[in-house]
Amino acid sequence: MKYVKSYFLKSIMLGISVLTLFNCSSDADDSPSPDPNQNSDPPKQITSFLNISDFDLPQQDAQGFTMLKAQDDSRIVYVDNNTGDDNTGKVYAVNDPEIGTAPFTPNNTIKPFATIAAAQNNMRDNEADILLLAAGGVWNESLKLTHGKSDEARSIYASYGEGKRPELRTGFGSGITNLQITNVIVSGIKFWAHTRDDEGPYLESFDPGGPGFNFYNGHGKPVLNVLIEDCFFRCYKGNVITGIVDEGRVPMEKIVLRRNIFSRNYNNKSHSQGLFYNGSGESNGTTILLEGNIFDHNGWRTQRTTAGMSADNGQATFFNHNTYFANAKGILFYGNIFLRAASIGTKWTANEGMNSSRDVALIDNLYVDGEIGISIGGNATGALRFQNIMISDNIFSNIGRSKPTNRTLSWGVDIKDWNGGEVKNNLFLHQKDEEITNLFAIRLNTETESSNVKVTNNIVYGLTGKPRTKLELFKVENGGKASNMTISGNYIYDSGNTAIVSYNGDAGYSFSKNYYLSTSNDATWFYGNESSISLENWRSNFESDAETFDLSIWSEPTRDVGGYLSTLGKGNSIDDLINVLYEQSRSNWNANLTAPYINRWIREGFGE
């Protein structure tokens, strides 16, 4: 009981810090609501090596959105597809009386351009110029960005007036056409490959189109100080941040994607990700921040219907994911929601040898559905490829629900080839599908070599699969090449004839003071060397201080996202959650529908 109190005190304290970031109240009640008086500054400390403050975000308003500001020398152009005229459109200075005292809410006397292309011709490169699209407007155009002057004086592409995000229907083209950009903000714009969307009225074909964006650094040109906030990227073949290796290459730095929606991005006959990143080369340690985004149904249009892993017509394959990060360095994922991935919610690989992915933190995200939550060790093999990894305070729920590739698996966190890292304070919950035949909450694979990894204070509850199928909630596989691997303080409950832990007694691992409970006979709670291991033998051979526990220590362990929505009066299912998440925007913001708020409520069900 002391452990449970301590664990949830720490979790709630982190939750309070997270809620401060999202400007939410820290009161623990059944129907939480944002507190407008709460300080909206981000937490000062998230990990020992990477924090939100390291990314130098511009000042934010009471709801946590960037406060867009003109500079004294900014040039401002307005675009309205209904009232604008390219022949009479005017370029404004900040102090021009026609726009009044607030450039982002101008007077009605302004003269906007009709087309984005004409307005863009008046944007200067390397200046803090501003292009504003009329809220609710629609254009069949892409967006080409100009470089800003500096981190403090960025070029801005956003909207003016009240209403929905302005909408760029780009068909088979790209959403943003630039490859290399610096010192820019893109805020509150919908980019829609509308002719590829079979849920819309404009579908023409599933043929590959352009990306939502494709940023890369090379030939001495950086990608630096980029903020994309409150945008919507839908039905593109993917979104890409990558680099080319050449003598003139410089590190990418401070690319921030926050509070965006990435939805139903897919490809035909080839791979596709909601967001792909390749960090080949060096980094200064603050490369990408993903904060508060929604990734839903990326990498696929439809469930696999043909043999093999063909992506024809956007079928799901195990190559496609919500996000795919290779050779990642200086990456922070914080407070995002990952839903219905083609395969993996967040996939990570390191293809350039030892420590080629390093300084990666995934904190307080929510993973729902898809086949796998986090895979961090796939593709290439090699010792100690991932250095300094933190996976903390995330919730994984209903993994395996949709079976996009028709595989019957439900994996939480898959780990391989780590050189230092922690998996702590995560919850793995609610997999009840009896068709699932391949299931685990956490797997440690030391086929090559891993070292200095801690798996602590996690909770596993409500994961079941097909009756009489051998399933393991916690798996250690291909051991023998591990050192200083510590598994302690975890609570693991089996309710479905599942082995709680699968372990062969390999060298380099230590189990201590974990808590176990199963509905099956305690002679079969554990598994190793092709046979069951009883609780008594487990204690004798592997973990002398192993404990059992009673479910009564948890007040409401069945809490889930549907139950959370019901406290808000917004439905009671995962589908309802998806529907309300698509309504999130700067003009219609509900902090209750962010991952930290949902996660906190679910965690409270495991308190007293």
Side-chain angles (χ1 to χ4, degrees), residues 17-24 34 36 38 40-43 46 52-53 55-69 104 133 135 154 156-159 163-168 175-176 184-192 212-213 225-234 239 241 254-263 265 274-275 288-298 322-323 331-339 345-346 362-368 577-600:
S17 296
V18 173
L19 296 172
T20 300
L21 167 65
F22 281 86
N23 196 45
C24 302
Q38 189 81 302
S40 61
D41 290 339
I46 295 176
I52 288 177
S53 58
F55 289 86
D56 297 331
L57 298 181
Q59 186 178 356
Q60 296 170 4
D61 63 19
Q63 286 192 313
F65 286 94
T66 298
M67 297 176 67
L68 303 175
K69 297 180 179 179
F104 295 90
L133 304 173
R154 305 191 190 196
I156 297 174
Y157 294 79
S159 65
K164 295 182 178 180
R165 295 181 183 95
E167 188 173 291
L168 275 59
I176 297 173
V184 66
I185 295 173
V186 182
S187 176
I189 299 174
K190 180 177 180 178
F191 299 89
W192 184 21
F213 54 81
N225 296 328
V226 177
L227 171 59
I228 299 179
E229 180 180 271
D230 187 36
C231 291
F232 195 147
F233 297 90
R234 182 172 173 88
N239 301 281
I241 305 173
K254 298 177 182 175
I255 303 168
V256 178
L257 307 177
R258 62 187 312 267
R259 298 188 176 187
N260 303 290
I261 300 175
F262 295 83
S263 168
N265 296 284
L275 176 63
I288 296 179
L289 167 65
L290 260 62
E291 179 210 337
N293 300 284
I294 299 164
F295 287 83
D296 176 48
H297 209 291
N298 289 293
N322 268 330
T323 67
I331 309 294
L332 175 58
F333 282 19
Y334 198 92
N336 302 282
I337 299 177
F338 299 96
L339 300 150
T346 54
L362 296 90
I363 312 292
D364 211 4
N365 302 288
L366 173 63
Y367 293 82
V368 179
L577 172 66
I578 293 167
N579 289 335
V580 297
L581 288 177
Y582 277 97
E583 299 173 2
Q584 288 281 75
S585 70
R586 185 173 192 146
S587 63
N588 186 43
W589 183 246
N590 187 343
N592 294 318
L593 299 175
T594 61
Y597 239 83
I598 299 169
N599 288 356
R600 187 199 66 174

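Residue numbers count from 1 along this sequence. Values reported hereafter were calculated over all heavy atoms of this structure, with side chains retained and with hydrogens, waters and symmetry mates removed.
- The distance from atom CG of Asn336 to atom CD1 of Ile363, rounded to the nearest 0.5 Å, is 11.5 Å.
- Taking each heavy atom of Tyr582 and Ser263 in turn, the nearest pair found is OH-OG, 2.7 Å.
- The ring pair (Phe, Tyr, Trp, His ring centres under 6.0 Å) check on Phe65 picks up Trp589, with sequence neighbours excluded.
- Here the side chain of Asn322 pairs a donor or acceptor atom with the backbone of Leu339 at under 3.5 angstrom.
- Between Gly274 and Asn239 the shortest heavy-atom distance is O-ND2, 2.9 Å.
- Proximity of Thr346 to Tyr367: side-chain heavy atoms (C-beta onward) are separated by under 4.5 Å at one or more points.
- A distance of 9.5 Å separates CD1 in Ile189 from CG in Asp230, rounded to the nearest 0.5 Å.
- Residues Pro58 and Ile185 share a closest heavy-atom pair of CG-CD1, 4.4 Å.
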Practice item. Determine, step by step, whether Leu57 and Glu291 satisfy the side-chain contact (heavy atoms from CB on, under 4.5 Å) criterion, reporting the C-alpha distance in whole Å, the side-chain angles of both residues, the deciding distance to 0.1 Å, and the verdict. Key: CA-CA 12 Å; Leu57 298 181; Glu291 179 210 337; 4.1 Å; yes
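- Taking CD1 of Ile176 as the reference point, atom CD1 of Ile228 lies at 4.5 Å (rounded to 0.5 Å).
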Review point. Yes or no on side-chain contact (heavy atoms from CB on, under 4.5 Å) for Phe338 and Asn298, after CA distance, side-chain angles and deciding distance?
Key: CA-CA 9 Å; Phe338 299 96; Asn298 289 293; over 6 Å; no
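- Between the side chain of Asp364 and the backbone N or O of Asn599 there is no donor-acceptor pair closer than 3.5 Å.
- The two residues Asn293 and Leu257 have their closest heavy-atom pair at ND2-O, 2.7 Å.
- Phe213 has its side chain within reach of Leu275: a pair of non-hydrogen atoms, C-beta onward, lies under 4.5 Å apart.
- The CG atom of Leu362 lies 6.0 Å from the CZ atom of Phe333; values are rounded to the nearest 0.5 Å.
- Across every non-hydrogen atom of Asn260 and Cys231, the tightest pair is OD1-N, 2.7 Å.
- To the nearest 0.5 angstrom, Asn265 atom CG is 9.0 Å from Phe295 atom CZ.
- A salt bridge links Arg258 with Glu229: the distance from a Lys NZ or Arg NE/NH1/NH2 to an Asp or Glu carboxylate oxygen falls below 4.0 Å.
- Across all non-hydrogen atoms, the minimal contact from Arg259 to Gly64 is NH1-C, 3.6 Å.
- In this structure, the side chain of Arg586 engages the main chain of Thr66 through a donor-acceptor pair within 3.5 Å.
- Of the possible donor and acceptor atoms, none in the side chain of Asp296 sits under 3.5 Å from a partner among the backbone N and O of Ile578.
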Practice item. Decide yes or no on side-chain contact (heavy atoms from CB on, under 4.5 Å) for Phe262 and Leu290, but give the supporting numbers first. Key: CA-CA 12 Å; Phe262 295 83; Leu290 260 62; over 6 Å; no
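- With sequence neighbours left out, Tyr157 forms a ring pair (Phe, Tyr, Trp, His ring centres under 6.0 Å) with no residue at all.
- Looking only at side-chain heavy atoms (C-beta outward), Leu577 and Ile598 come within less than 4.5 Å of each other.
- The distance from atom CD1 of Ile337 to atom CD of Gln584, rounded to the nearest 0.5 Å, is 8.0 Å.
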Practice item. Dump the intermediate steps for side-chain contact (heavy atoms from CB on, under 4.5 Å) on Ile241 and Val226, then the final yes or no. Key: CA-CA 11 Å; Ile241 305 173; Val226 177; over 6 Å; no
